[in-house]
Amino acid sequence: MNAYIHGVGMTEFGTLEDRTMKDLMLDASVEAIKDAGDPKIDAVFVGNFMGGSVYNQEILGSIISNELGLGYIPTSKSEGACASGGIAFRQGLLGILSGEYDTVLVTGVEMMKHISTSEVTSAINAAMDNDSNEKYAGLTFPGFFGVLANRYLYETDATKEHLAMVALKNRNNAINNPLAQFKKPTSIEEIMNARMITEPLGLFDCSPITDGASAVVISKNESQIKIRATSQASGPTQMQNSEELLSIPAVHESGRLAYEKAGLGPNDVDVVEIHDCFSMTEIISSEELGFFNKREGYLAVENGETMPNGSKPINTSGGLLSKGHPIGATGVSQIYQITKQLRGNAVNQVDGARIGLAQNLGGTGSYSTVHILERV
Amino acid sequence: MIAYQCINCGFQSVTKKYYCPECKGSKYEEVNVSDEGEVFSYTTIHIPPEEFTKYAPYQVVLVQLEDKLRVTGFMEVPVAIGDKVTFKEIREGAYVFSK
Ligand SMILES: [Zn+2]
């Protein structure tokens, strides 16, 4: 059996103080359903990470089905930290591939701006193994990627400026994206001189705190966007257990599985959304997905290969770094961008894009999903 | 420093595990491992979790012990990759190292 994308929707990402989680997820859902031509929806799959802990709101799927008059259909929520959206999309897809549903709605949502940065930091730390000596050592989520980055800079000829180039590229992409959180131009100097969060990562190397929602309608009925592969993998939950620090095994494994299922390789991919929770993560994951050799991803950035007009455009949406990172919505919004690219009407459109790949990461490498889409 | 070693195959871990990732064995014994090692990588944390505010900025280090093990630890003083460090104590669950 095959599955196809029929509709996509996305709210603005940013500080949406006058909006509620409910109206954001309903807005994105309605846009996706309308875009799909108002089909009958058989089930709803929601991606959300901290609605329960910081917004005191669960039963999100049921709220959507009731508010949109979808009937007494089954709904559920997926949680996989920052991969919640990618996992929800995959669960919806598996529901179709199993033959249980014809058409499903997948909606990702997060509200994060109504609480303080330290409350967000501690809520996000739920995505680490907190019953461990690493938590007691004061390791944070960005801290893990700081340790990774220092080692990468040590083992390669990459410098902090290469990290800044990733942040600048994604900002320049976001400037053209009306739905992105950060649309103000910046410079390598401003990025390099920004205050430190967790060395060597500064403010612009870290994805922001964001409100937003995104939605997708998938069906077994044909459309011009075919889903060629879905995959998911897990990885170490503790830094001290990783066999090779400069790898993210979950990304590598989910990529390998997706290529195998699609019968495609990294060279076949025309446009990519990578989970750039930190500038360093985009480089390492671009290596793990086979786009560049190990320890050489920074050279591709330096040579402009990952820009929209480069040989392997990465994060044409602006990425998490500048489009914004409403945790549960992120994975779904990657599918939104890839679908727009394959339809030929995306921001930072890549000429003739036919195969697109979206990779969504959860935790410090605890989860990764990969989806490969094709224009048919 | 104390670590856990698989009785069957000798795999070591700083944390107790239910199953050995190498041989699937489930019996571990406590062994003494070296307190000496070097910094494999580190970060300096400027934006700490609430309970670490009093230490910031502080270092979280990934230490390669002289034995095979790597352990995540805490250090107050600045470090660089390759620095020799020594395990001092476990303080409130954290492995504290010094130069
Ligand atoms: Zn063993």
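Please read all numbers here as calculations on a predicted model, not as lab measurements. As a basis for the values below, the full set of heavy atoms in this structure was taken, side chains included, without hydrogen atoms, waters or symmetry mates. Sequence lines set the chain letters: A, B, ... in the order given, protein chains first and strands last, and positions in each chain run from 1.
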Residues from residues 118-137 of chain A approaching chain B under 4.5 Å (heavy atoms): A/Ser118, A/Asn125, A/Asn133, A/Glu134, A/Lys135, A/Tyr136, A/Ala137
Residue by residue, which of residues 242-254 of chain A have a heavy atom closer than 4.5 Å to a heavy atom belonging to chain B? A/Ser242, A/Glu243, A/Leu245
Tabulate, in ascending numerical order, the residues of residues 78-99 of chain B having at least one heavy atom closer than 4.5 Å to a heavy atom of chain A, or enter 'none'. B/Ile81, B/Glu92, B/Gly93, B/Ala94, B/Tyr95
Counting a contact as any heavy-atom pair under 4.5 Å apart, which residues of residues 10-33 of chain B contact chain A? B/Val14, B/Thr15, B/Lys17
Measure distances from B/Tyr55 to the heavy atoms of chain A and classify the residue's part below 4.5 Å as side chain, backbone, both or neither. neither
Considering only heavy atoms, which portion of B/Phe52 lies under 4.5 Å from any heavy atom of chain A: side chain, backbone, both, or neither? side chain
Separation of [Y] [atom2] from [X] [atom1] (nearest 0.5 Å):
X        : Y        : atom1 : atom2 : answer
A/Gln240 : B/Arg70  : CD    : CZ    : 11.0 Å
A/Ile197 : B/Ile45  : CD1   : CD1   : 11.0 Å
B/Ser41  : A/Met239 : OG    : CE    : 8.0 Å

Is there a side-chain contact between A/Thr140 and B/Pro48 (heavy atoms, below 4.5 Å)? no
Given the rule in the side chain to side chain contact (heavy atoms under 4.5 Å, CB included) test, do B/Tyr42 and A/Asn150 qualify, once you have shown the distances and angles that lead to the verdict? CA-CA 7 Å; B/Tyr42 69 98; A/Asn150 265 333; 3.6 Å; yes
Mind running side chain to side chain contact (heavy atoms under 4.5 Å, CB included) on A/Leu201 and B/His46 for me, showing each step along the way? CA-CA 10 Å; A/Leu201 305 177; B/His46 294 262; over 6 Å; no
Using only atom types and a distance under 3.5 Å, with no angle test, would you say the side chain of B/Thr44 pairs donor to acceptor with the backbone of A/Glu199? no
